[in-house]
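Here is the structure we will look at.
Worth knowing before you read on, the calculation uses all heavy atoms, side chains too, and leaves out hydrogens, waters and symmetry mates. Here is the naming used below: chain letters follow the sequence lines, and residue numbers restart at 1 for every chain. These numbers were taken from a predicted model, which means no experiment stands behind them.
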Amino acid sequence: MKIATYNINGINGRLPVLLRWLAEAEPDVVCLQELKAESARFPEHALLKAGYQAIWKGEKSWNGVAILSKDAIRELRDDLPGEDESFTHSRYIEGFTFGMVIACLYLPNGNPYPGPKFAYKLRWFSRLTAHANTLMNTGLPVMLVGDYNVMPTELDTYKPEKYVNNALFRKEIRAAYADLVSQGWTDAIRKLYPDERIYTFWDYFRNAYGRDAGLRLDHFLLNPLLGGRLSSGGVDKHVRGWEKSSDHAPVWIELADADQAQ
DNA sequence: ATGACCAAAGCATTTGGA
């Protein structure tokens, strides 16, 4: 089965692009970020017509996450656990579908560094890591999918030196990512392509896509039950070149059936 | 160092994005 993640950057403005890509790529499950729409404005009907059931959590103007599935999907939670008065953004939704727990997340950008937004990003990350530890120990197949707003290593940006003091690449945030992964998660795309420069985002500015000045920000973290089923994956880079495209491209992986995995 | 391009909100221009 095929699972994808796509920071759509406005689900209503880019609905034609999303539907075109869904018809072409035929993923079974899709995690979406940056809906930029209130929950009531989620295009549920158009997606049902395209064959997808959905769970979502929007908010006015910004953020917003959703999970689409060709099979029934049950919502498990619509935020990370814990208390934080600044935790009002719609950045996390977790569902159960195809026998797996799928967490769809949109980590804060965190710029400018240093500052309160970067501190918020670190706080958000530490709560994700705490909850990830809980999920890791459930005994269920789990994946943490979405826009992490983190380039994990120097291989994940076209120009590492330019990003040393950027919130997407600061050493604290790379350390937080490495700390999360060390719980036993597999970074699926990096596992499949250990040495390649693979990007999932190209800025609208400065012809970044044309110059391939990209960043790898969208990740699949698989727990060991799913890591053994990973069979392929990639970035639908051409979609970034479409008219009215998001600044991110869809990323996808394929898993072998549970009974075929070893 | 700056600005370049987008969407949303709301109807001009600001804000956030990464």
Can the ring centres of A/H89 and A/Y106 be said to be less than 6.0 Å apart? no
From OG (A/S232) to CD (A/E254), nearest 0.5 Å: 3.5 Å
Gap between atoms [atom1] and [atom2], on [X] and [N] respectively (whole Å):
{"X": "A/N63", "N": "B/dA8", "atom1": "CG", "atom2": "P", "value": "14 Å"}
{"X": "A/N207", "N": "B/dC6", "atom1": "CG", "atom2": "P", "value": "11 Å"}
{"X": "A/E34", "N": "B/dA8", "atom1": "CD", "atom2": "P", "value": "11 Å"}
{"X": "A/F205", "N": "B/dG17", "atom1": "CZ", "atom2": "C1'", "value": "8 Å"}
{"X": "A/K162", "N": "B/dT2", "atom1": "NZ", "atom2": "C1'", "value": "10 Å"}
{"X": "A/Y204", "N": "B/dT15", "atom1": "OH", "atom2": "C1'", "value": "16 Å"}
{"X": "A/N111", "N": "B/dG3", "atom1": "CG", "atom2": "P", "value": "16 Å"}

Which value, in whole Å, describes the distance between the [atom1] atoms of nucleotides [N] and [M]?
{"N": "B/dT14", "M": "B/dA4", "atom1": "P", "answer": "15 Å"}
{"N": "B/dG10", "M": "B/dG16", "atom1": "P", "answer": "14 Å"}
{"N": "B/dA12", "M": "B/dG17", "atom1": "P", "answer": "26 Å"}
{"N": "B/dT2", "M": "B/dC6", "atom1": "P", "answer": "22 Å"}
{"N": "B/dG3", "M": "B/dT15", "atom1": "P", "answer": "15 Å"}

Hey, can you pull the residues of residues 234-252 of chain A with a non-hydrogen atom under 4.0 angstrom from DNA chain B? A/K244, A/H248
Of the residues in residues 208-221 of chain A, which ones touch DNA chain B at a heavy-atom distance under 4.0 Å? A/L215, A/L217
Quick one: do the A/N63 and A/Y92 side chains pair a donor with an acceptor below 3.5 Å? no
Would you kindly say whether A/H248 and A/E34 are connected by a side-chain donor-acceptor distance under 3.5 Å? no
Hydrophobic cluster (4.5 angstrom, side-chain heavy atoms) - remaining members for A/W62: none
Checking side chain to side chain contact (heavy atoms under 4.5 Å, CB included) against A/D218, which of A/D147, A/V150, A/V235, A/N149 comes through? A/D147
For A/R206, which residues count as a salt bridge (Lys or Arg N to Asp or Glu O under 4.0 Å) partner, sequence neighbours excluded? A/D203
From the set B/dC5, B/dA7, B/dG3, return the single nucleotide nearest to any side-chain atom of A/R206. B/dG3
Keeping the roles fixed (side chain from A/D28, backbone from A/K2), state whether a donor-acceptor pair exists under 3.5 Å. yes
What pairs of residues pass the salt bridge (charged side-chain N to carboxylate O under 4.0 Å, His left out) test when at least one of them lies in residues 173-193 of chain A, not counting sequence neighbours? A/D156-A/R190, A/D187-A/R216
Between A/I8 and A/R14, what is the shortest heavy-atom contact and its length? O-CD, 2.9 Å
Non-hydrogen atoms of A/R240 and A/Y209 that approach each other most closely: CG-CD1, 3.3 Å
So what does [X] hit on the nucleic acid, given a heavy-atom distance under 4.0 Å: a base, only sugar-phosphate, or nothing?
{"X": "A/Y148", "result": "nothing"}
{"X": "A/F201", "result": "sugar-phosphate"}
{"X": "A/K117", "result": "sugar-phosphate"}
{"X": "A/D203", "result": "nothing"}
{"X": "A/N12", "result": "nothing"}

Around atom CZ of A/R77, are there more than 12 heavy atoms of other residues, nucleotides or ligands at under 6.0 Å? yes
Hey, which sits more toward the 5' end of DNA chain B by its nearest nucleotide, A/D147 or A/N9? A/N9
Each nucleotide of nucleotides 9-14 of chain B classed B (base within 4.0 Å of a protein heavy atom), S (only sugar-phosphate) or -, in 5' to 3' order, makes S-----
Are A/Y193 and A/L230 joined in one hydrophobic group, where the rule is that I, L, V, M, F, W and Y side chains link up if heavy atoms are under 4.5 Å apart? yes
